[in-house]
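Some notes on the structure that comes next.
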Amino acid sequence: MKRIWTALLAAILLIPMTFQTQAQAAVNISVLIDGVKLYTPQAPVMIQGRVMLPMRSIFEALDATVKWNQKTQTVTAVKDGTTVILKINSKTATINNQTVALDVPAKNLKGNTMVPVRFVSESLGQKIGWNSKTKTVTVTTTNDSGGGNNTYIVPVSYVTQKDIGNAGDGRDLQVSFSKSSTESLISHYRVMIVKQSKTFSQADATRISSANYTTVYPAGSDRSQVLTSSSRDIDGDLIRDNQAYKAYVLAVGKSGGTYALSSASPSLTLTNTNSVNGATNVKASDISDNGDGRDLQVSFTRAQNESNVTNYRVFTVKTKDAANFNVAAAKSVSSQNYTTVNKTSSTNTTLSTTLSSSARDTSGELIRSGVSYTVFVLSVSSNESALASNLSSGSASITLSTGNATVPYITQVSDIADFGDGRDLRVSFNKVSNESSINSYRVFVVKDSNYSSFNLSKANSISSYNYTHVNKTGNNINNLTLASGARDVDGATIRSGVYYRVFVMAVDNNNYNNNILSAPSNSIILSSSYNVGAVTSLSVTDVNNYNDGRDLQVSFYRPSDQSNISHYQVFVVKSSNSYFDLYRANSLNSYYYTQISKNSSSNSYMTQVLNSSSRDIDGDLIRSGVSYRVYVLSVGYSSNKQCPIRLCIHHAWEQQSECKSCFYAVLDGHRQ
């Protein structure tokens, strides 16, 4: 890309943006690239009259390759033969080794390297404009290759995979591929890891999120790339051992919209060779109808060599979570949530165990009918430092049936109204198969925080005021709606904004000792029609090293409709605090959260760094070395005060939203 340097410098200095001289987060600036709004993790800011953006966001949006040198604090971008080098706080930059003066140097802002959008865009050959009325930067991309969007690029000719380690994650996987014969037209390559069982096309490849592939830049030769511990397959699942994968490479052209997908590599299953022998042939069977762990029988072929194996651990994992279950996850499971199977002196190569009524899955929930499970077996090493423990492949998925049930089985709990009391809760359950000795049923509503300790003994002691009596009818009970005065087992009126579980007990005709309690229902929270929208894409970042709240940056997208939102509240919760819901959030005063004002910005992405006095919900100052979860509450209001703030919760880690959400939580993040 040829330019006359004096003309370039003049263009860079044209149209100065005469605004405030310091970073202005309050100036709401939009950046449009070919008419499409650019969303960035750090909102655009104005520094000395120049709009600044995170370096990677603007470079990658302009299809430039970008490299960061932490030691020298230098960013290098390359596109179409043009090399641009910027150094943090330097008043000069270089374009193809020519020094150019900058009126605003690159800056580090809240942990983000910010670069001037005008300089970057124009030095890479793009046209830029500024609308002072709307505070909008427009970037119009140009194509200097002469090929237009129809420039033909050739896919790489081969892709191979190699297992090079024993980490049990992406660090074990090395992907090698040839350079494209049209590499001069290639912006970058995307290495995509696909489960062997999936079909994959170029159209699929162009839609994959950047979090789920690895970017490799052209180097003029064939490439070999070792993935990282955080590398994911195209489904967003962490790469792990005992899973068969194939690899593809997508070549991305310098001109927009040009792609070429390779053929698949040969299939590869990562194995940990520096580990004890693993269990194989894991099978799960449904052998009874108790509606709990007693229905689940697990068998497996024991390790071929057990000399370094202490015992086996059987993990029952919800099938929806099985793709992310690996050795590291298995080792972190509490002993209450797996079943230990000891080695035996028998010559039989197969071990078998039937779980107990109190057996739990890896999330801590009691095993029950109607839920799909996958079973894994861990061979536990007697010397972990010498030989690692080994996790088997998962069993075929199994869902325990109700069959000839000897216990009630809850088929559905649902939120059907907006009264803010028991009339919102509808329960359906299957009767026991033989009701000859059954007098009636009792429906218990238990706060989610207490359900794991609720058992038959407690159920028998609950006052009649705190459960719902149901007569037997000879049929399954469908669509039972509770009363407005219905209470949970603690005696509190059932209300919106609280997570509950439901249990059903079959009451014996003559002897209460023979009562039978169901497994718990799924968790449910009652919503209200007055709900406001939830924030989305909540993320937290460690941006400083103050050892207090100033290290914690919270970012999220605002709801599309903020008309009923007053402000936002950020709650920081220790990960060890396993229960936090809307009811508790609403009970806390401002000492325990950080308030973020709603503003009229057209930028839907909000970023807030907490302050040095920010505290978690226990009142403790935020500090390094503690693992936290973060929640954001959208706080509604009514101009006539006719509606209370009734909001509900969204769990980011479960990706579920059972109601009009306004409360959002981010995955556990360990603050260092």
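Along the sequence shown, residues carry numbers from 1.
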Inset, instruction - Tell me yes or no: between the side chains of N476 and N430, is some donor less than 3.5 Å from an acceptor? - result: yes

Inset, instruction - Please report the C-alpha distance between N290 and S357 in whole Å, then the side-chain angles of each, then the deciding distance to 0.1 Å, and finally whether the side-chain contact (heavy atoms from CB on, under 4.5 Å) criterion is met. - result: CA-CA 8 Å; N290 295 300; S357 60; over 6 Å; no

Inset, instruction - Without swapping roles, check the side chain of T473 against the backbone of N475 for a donor-acceptor pair under 3.5 Å. - result: yes

Inset, instruction - Check Y631, Y591, Y593 against F571 for a ring-ring contact (aromatic ring centres under 6.0 Å, His included) and give me the one that passes. - result: Y593

Inset, instruction - Please answer whether the main-chain N or O of V377 pairs with a side-chain N or O of S392 as donor and acceptor at a distance below 3.5 Å. - result: yes

Legend entry - Shortest non-hydrogen separation from I193 to Y245 and the atoms involved: CG2-CD2, 3.5 Å

Inset, instruction - For residues V489 and F454, report the shortest heavy-atom separation together with the two atoms involved. - result: CG1-CE1, 4.0 Å

Legend entry - T344 backbone acceptor or donor facing R302 side chain under 3.5 Å: yes

Inset, instruction - Could you tell me which residues satisfy salt bridge (Lys or Arg N to Asp or Glu O under 4.0 Å) with R294, sequence neighbours excluded, listed by chain and number? - result: D292

Legend entry - Residues S523 and D448: side-chain donor-acceptor under 3.5 angstrom: yes

Inset, instruction - For residues R487 and T493, report the shortest heavy-atom separation together with the two atoms involved. - result: NH1-OG1, 3.6 Å

Legend entry - R423: salt bridge (Lys or Arg N to Asp or Glu O under 4.0 Å) partners, not counting sequence neighbours: D421

Legend entry - Main-chain N/O of A330 paired to R313 side chain as donor or acceptor, under 3.5 Å: no

Legend entry - Derivation of the side-chain contact (heavy atoms from CB on, under 4.5 Å) call for D233 and Q243: CA-CA 11 Å; D233 64 23; Q243 169 66 57; 5.9 Å; no

Legend entry - Side-chain heavy-atom pair K447, Y500 within 4.5 angstrom cut-off: yes

Inset, instruction - Please answer whether the main-chain N or O of S457 pairs with a side-chain N or O of N455 as donor and acceptor at a distance below 3.5 Å. - result: yes

Inset, instruction - Compute whether any side-chain donor of one residue and acceptor of the other, for R442 and N466, lie under 3.5 angstrom apart. - result: no

Inset, instruction - Check the pair V570 / I596 against side-chain contact (heavy atoms from CB on, under 4.5 Å), numbers first and verdict last. - result: CA-CA 8 Å; V570 176; I596 300 178; 3.5 Å; yes

Inset, instruction - Check ring pair (Phe, Tyr, Trp, His ring centres under 6.0 Å) between Y451 and all other residues, then give those that pass, not counting sequence neighbours. - result: none

Legend entry - Those residues that, when tested against S363, pass side chain to side chain contact (heavy atoms under 4.5 Å, CB included) (two or more places apart): K318, D361, E365

Inset, instruction - Could you tell me whether the side chain of N515 and the main chain of D508 form a donor-acceptor pair under 3.5 Å? - result: yes

Inset, instruction - For T319 and S397, work out which heavy atoms get closest and say how close. - result: OG1-OG, 3.0 Å

Inset, instruction - Measure from the side-chain N and O atoms of S440 to the backbone N and O of V507, and report whether any donor-acceptor pair falls under 3.5 Å. - result: no

Legend entry - Nearest heavy atoms of T350 and S299, plus distance in Å: CG2-CB, 4.3 Å

Legend entry - Backbone of A279 reached by a side-chain donor or acceptor of Y312 within 3.5 Å: no

Legend entry - Y557: ring pair (Phe, Tyr, Trp, His ring centres under 6.0 Å) partners, not counting sequence neighbours: Y39, Y605

Legend entry - Closest heavy-atom pair and its distance - L296, A284: CD1-CB, 3.9 Å

Legend entry - Test ring-ring contact (aromatic ring centres under 6.0 Å, His included) applied to F429 and Y441, F444, F503, the passing residue: Y441

Inset, instruction - Look at the side chain of N509 and the backbone N and O of S436, then say whether any donor-acceptor pair between them is shorter than 3.5 Å. - result: yes

Inset, instruction - Please check if the side chain of S428 supplies one atom and the backbone of N479 the other of a donor-acceptor pair under 3.5 Å. - result: yes

Inset, instruction - Please identify each residue that fulfils ring pair (Phe, Tyr, Trp, His ring centres under 6.0 Å) with F315, with sequence neighbours left out. - result: F325, Y338

